[in-house]
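One structure is given here, and the rest of the page talks about it.
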Number of protein chains: 2
Amino acid sequence: MPRTAKPSPRRPAAKPRRPAARRAPAEKPYHHGDLRRVLVDAAFDLVGEAGAGAVSVREAARRAGVSPGAPFRHFQSRDALLAAVAEEAQRRFRAEIDKALAKAPADDPLKRFRCLGRAYLDWAMRNPTHFEVISSRRLFDHGKSAAVTRDNNEVVGLTESLLKDAHARGQLGPSDLKQVLIGARALVYGFARMAIDGHFPRWGVAEGEVDRMADAVLDLFISGIARRPGHTSA
Amino acid sequence: MPRTAKPSPRRPAAKPRRPAARRAPAEKPYHHGDLRRVLVDAAFDLVGEAGAGAVSVREAARRAGVSPGAPFRHFQSRDALLAAVAEEAQRRFRAEIDKALAKAPADDPLKRFRCLGRAYLDWAMRNPTHFEVISSRRLFDHGKSAAVTRDNNEVVGLTESLLKDAHARGQLGPSDLKQVLIGARALVYGFARMAIDGHFPRWGVAEGEVDRMADAVLDLFISGIARRPGHTSA
DNA sequence: CAAGCCGTGTAATCGGTGCTTACATTCACA
DNA sequence: TGTGAATGTAAGCACCGATTACACGGCTTG
């Protein structure tokens with residue numbers, strides 16, 4: 001695949017490329033300072049600019065100002081490079097989740113639960129291509145990255161424990177917790193993907209409405225699982 | 001991309017390219033019978049075998065027994081070929097939806113609504129790669145195919161009208177219909193994508209449980225929007 | 001029936017891609 | 001200070017999408 005056949009912006013060079021180990025930056029040291037890092041950054045940017053499909057080893061090498069074979073010293077394959085990008089994306093995603101939860105009321109699990117969902121949607125809609133990388137396999141094999149897997153499992157555990165806390169406090173109705181967990185996750189993941197995959201226009205949701213709709217749908221779901229007058233909580 | 005680097009079966013050639021003009025299809029007529037159809041079928045199979053990424057014009061040509069340039073007489077680009085595959089997939093998807101609705105009780109909109117969701121999930125999980133083709137843009141531009149767009153809009157309209165009917169019959173609670181529509185769609189789409197993208201294992205849902213979980217989640221959502229004792233329906 | 005247009009196939013070619021191998025350079029450590 | 005390991009370059013393979021010039025032959029038309 002011509003990989004969307006970019007005109008290949010190709011930086012005008014001008015890369016000091018680091019203070020050089022000892023003296024005189026000397027134009028172009030044979031060894032790149034931290035090629036691995038630069039390659040991941042370049043690939044990360046490529047994902048942001050045109051999606052995972054736009055990532056090519058050669059383009060990353062071009063942006064790093066290095067020969068086409070060089071990246072293979074650091075990444076066994078294109079997929080490995082993409083996996084590194086996924087790890088970076090997953091790290092940032094996780095950080096935003098944590099930040100949002102830090103701002104949420106510490107003593108209301110159900111509100112924290114909702115806040116988690118909202119933060120998830122916010123990040124996904126603001127970083128659609130990176131979200132896709134960390135979400136859909138086929139773009140890269142999640143099993144290949146222990147870091148992504150671990151981070152993911154932590155988010156799962158976090159979600160689960162918030163739900164359990166809410167249940168313990170009597171905030172939830174009689175529904176099965178696991179079903180609620182999966183339902184919530186499906187709802188949020190589906191909403192994010194609808195946005196990313198461009199489904200909203202044909203479902204009658206205009207660009208500017210998406211944010212409010214996100215809130216409304218979260219509220220709808222939560223009101224559906226919350227304890228209601230007239231029901232016991234178990 | 002080596003596009004999964006197939007060993008490239010490559011027919012044993014033997015193309016005398018005989019006159020064979022008049023009768024007896026004999027060996028190999030210069031003109032293929034219906035190359036376009038055969039190419040779409042081949043590409044359709046490729047999607048089923050290894051996903052949309054595995055579709056290459058050359059492989060489709062190989063399977064059709066024609067030269068690599070031949071497909072371009074029928075499809076302007078690889079994307080156009082993929083769009084044709086998407087149309088075929090969308091057609092089959094739509095057919096299954098209609099079939100399922102034909103079996104559903106005609107006088108219970110809410111049950112028909114649930115049945116539609118279940119049929120959606122069934123088809124998606126049985127045809128993950130084709131579902132992905134008709135769902136995520138980036139694989140092909142939905143705007144390029146009027147047929148896919150039309151079919152999609154019909155499904156949207158169908159869903160919407162079922163919901164309206166349910167509301168008119170007092171089967172629903174006081175929630176905003178549009179929010180219910182989007183919530184339902186997000187839930188179902190998200191569930192399907194979780195299955196396709198391999199999320200269920202890390203969310204604690206084993207292979208064999210997915211089907212029951214699908215039912216449970218549908219019920220959970222519907223019970224959340226259905227009219228409940230103690231509430232008026234509007 | 002013959003002529004020839006034109007749709008549809010082939011062959012050759014171009015540039016882009018992932019990836020490998022052989023070689024060159026430099027760093028870091030003994 | 002010398003040397004091996006790490007890391008870059010150069011060249012090249014196979015595959016891909018896409019384009020072009022040319023070959024075939026079914027079809028209409030005179």
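Naming convention: chains lettered A, B, ... in sequence-line order (proteins, then strands); numbering from 1 in each chain.
Taking 4.0 angstrom as the limit, B/S67 places none of its side-chain polar atoms (N or O) nearer than this to OP1 or OP2 of C/dA11. An OP1 or OP2 oxygen of D/dG17 is reached within less than 4.0 angstrom by no side-chain nitrogen or oxygen of B/S77. In terms of phosphate contacts, A/R62 brings no side-chain nitrogen or oxygen within less than 4.0 Å of OP1 or OP2 of C/dG16.
The interatomic distance linking A/R78 (CZ) with D/dC15 (P) rounds to 19 Å, in whole Å. Straight-line distance from the CD atom of B/E59 to the C1' atom of D/dA14: 14 Å, rounded to whole Å. C/dT13 atom P lies 18 Å from atom CZ of B/F72, rounded to whole Å. A straight line from CG of A/L35 to P of D/dA6 spans 16 Å, rounded to a whole angstrom. One atom, CG of A/L82, and another, P of C/dT17, lie 15 Å apart when rounded to the nearest Å. Distance B/H74 NE2 to D/dA18 P: 15 Å, rounded to the nearest Å. Rounded to whole Å, the distance from CD on B/Q76 to P on D/dT20 is 12 Å. The interatomic distance linking B/R37 (CZ) with C/dT8 (C1') rounds to 19 Å, in whole Å.
Other residues, nucleotides and ligands contribute more than 12 heavy atoms inside 6.0 Å of the CD atom of A/E154.
Of the possible polar contacts, one joining the A/S161 side chain to the A/L158 backbone as a donor-acceptor pair under 3.5 Å is found. Put simply, the side chain of A/K144 never gets that close to the backbone of A/D79: no donor and acceptor are under 3.5 Å apart.
Ring centroids of A/F93 and A/Y120 are separated by less than 6.0 Å, placing the two rings close together.
Side chain B/R58 to base D/dG17: a donor-acceptor pair is found below 3.5 Å.
Minimum atom distance to the side chain of B/V66 is reached by C/dT10, of the listed D/dC16, C/dT10, C/dT17.
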